[in-house]
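Read the structure below first, then the notes.
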Amino acid sequence: MSLAIVWSNEQEEHHISDELIALLESILQKAGEAEGIDEGEVDLTFVNNERIHELNLEYRGIDRPTDVLSFAMNESGEDELEIIYELEDGEELEDMPYVLGDIIISVTRAQEQALEYGHSLERELGFLFVHGFLHLLGYDHQDADSEAEMMAKQEQVLAQVGLTR
């Protein structure tokens, strides 16, 4: 098995092309290699600012839109829901994909940021995707050192796929 993206598009403002998905899959492979992860599934959803605002308020208590949200499957906390798989006849637990988690990206906010920073929408979506992926692995940016570490990892992966600033 390898790393894979299962994606859905819940926004209508911007077309999500096959080329973009191929680019994000390449980013996922490079980021996975850098982190020593060679298998798993990432569920990626593209939304608009209104939807990500709702999710940010519901899950983080922050009443504004954001650019990316990540929900890791391997986090465990007292208030976390337990996921129970129901197997079909003949299906084995080993057949179930190893899901790393969900990444939700506001394409609207990504477009705004791409214009603000003076680079392409693809560059911004790539950045937000690898940023979300690193969050799924437990990286955070609560202080200057961890933010610098995360930024360096993101830029390294983006450079490998030609998405430099």
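Along the sequence shown, residues carry numbers from 1. Just the heavy atoms: all of them, side chains too, but no hydrogens, waters or symmetry mates, feed the values below.
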[X] vs [Y] side-chain heavy atoms within contact, under 4.5 Å:
{"X": "Leu100", "Y": "Phe133", "result": "yes"}
{"X": "Asp140", "Y": "Met150", "result": "no"}
{"X": "Leu20", "Y": "Leu24", "result": "yes"}
{"X": "Leu163", "Y": "Phe127", "result": "no"}
{"X": "Ile105", "Y": "Leu44", "result": "yes"}
{"X": "Val107", "Y": "Ile16", "result": "yes"}
{"X": "Val42", "Y": "Leu3", "result": "no"}
{"X": "Thr45", "Y": "Trp7", "result": "no"}

Exercise for the section: Indicate if Ile21 and Phe129 have the same hydrophobic cluster label, given that clusters are the connected sets of ILVMFWY residues with side-chain heavy-atom separations under 4.5 angstrom. Expected result: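 Yes; tracing contacts between hydrophobic side chains, which count when under 4.5 Å, links both residues.
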Exercise for the section: Spell out, yes or no, whether Met151 and Val161 are grouped together once hydrophobic residues are joined by side-chain heavy atoms under 4.5 Å, including indirect joins. Expected result: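 Linked within one cluster.
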Handout entry: Asn49 (side chain) donor-acceptor with Arg109 (main chain) under 3.5 angstrom
Key =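 Yes, the answer is positive, given that a donor and an acceptor are paired below the 3.5 Å cut-off.
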Problem - From Leu136, Asp102, Leu128, residue fulfilling side-chain contact (heavy atoms from CB on, under 4.5 Å) relative to Ser70 - result: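 Of all the options given, the one that passes is Leu136.
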Closest contact, heavy atoms only, [X] versus [Y]:
{"X": "Val99", "Y": "Met73", "value": "O-CB, 3.3 Å"}
{"X": "Ala31", "Y": "Val157", "value": "CA-CG2, 3.8 Å"}
{"X": "Ala110", "Y": "Glu124", "value": "O-CG, 3.3 Å"}

Exercise for the section: Identify whether the distance between the nearest side-chain nitrogen and carboxylate oxygen of Lys153 and Glu35 falls below 4.0 Å. Expected result: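 Yes.
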Problem - Salt-bridge contact Arg123-Glu155 (side-chain N to carboxylate O under 4.0 Å) - result: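 Yes, charged N to carboxylate O under 4.0 Å.
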Practice task
Applying side chain to side chain contact (heavy atoms under 4.5 Å, CB included), run through Asn48 and Arg51 and close with a yes or a no.
Solution key: CA-CA 6 Å; Asn48 59 23; Arg51 181 65 180 134; 3.5 Å; yes
If you measure from [atom1] on [X] to [atom2] on [Y], what distance do you get to the nearest 0.5 Å?
{"X": "Glu122", "Y": "Leu158", "atom1": "CD", "atom2": "CG", "value": "12.5 Å"}
{"X": "Gln154", "Y": "Glu147", "atom1": "CD", "atom2": "CD", "value": "9.0 Å"}
{"X": "Ser106", "Y": "Glu13", "atom1": "OG", "atom2": "CD", "value": "8.0 Å"}
{"X": "Gln160", "Y": "Ser26", "atom1": "CD", "atom2": "OG", "value": "8.5 Å"}
{"X": "Glu39", "Y": "Ser2", "atom1": "CD", "atom2": "OG", "value": "9.0 Å"}
{"X": "Ile103", "Y": "Leu134", "atom1": "CD1", "atom2": "CG", "value": "9.0 Å"}

Practice task
Answer yes or no: are there more than 12 heavy-atom neighbours, outside Glu54 itself, under 6.0 Å from its atom CD?
Solution key: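 Buried by this count: over 12 neighbours within 6.0 Å.
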Exercise for the section: Please say whether more than 12 non-hydrogen atoms of neighbouring residues, nucleotides or ligands are located less than 6.0 Å from CD in Glu12. Expected result: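 No, not enclosed.
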Problem - CA sep, side-chain torsions, deciding dist, call: Asn9, Gln11, side chain to side chain contact (heavy atoms under 4.5 Å, CB included) - result: CA-CA 6 Å; Asn9 183 18; Gln11 55 85 47; 2.8 Å; yes
Side chains of residues 57-68: which donor-acceptor partners sit under 3.5 Å, not counting sequence neighbours?
residue	atom	partner	partner atom	Å
Arg60	NH1	Asn56	OD1	2.9
Asp63	OD1	His53	NE2	2.7
Asp67	OD2	Gln113	NE2	3.2

Exercise for the section: Give the intermediate values and the outcome of side chain to side chain contact (heavy atoms under 4.5 Å, CB included) for residues Ile104 and Phe71. Expected result: CA-CA 9 Å; Ile104 302 166; Phe71 300 96; 3.7 Å; yes
Problem - Full working for side chain to side chain contact (heavy atoms under 4.5 Å, CB included) between His141 and His135 - result: CA-CA 9 Å; His141 45 83; His135 275 308; 3.2 Å; yes
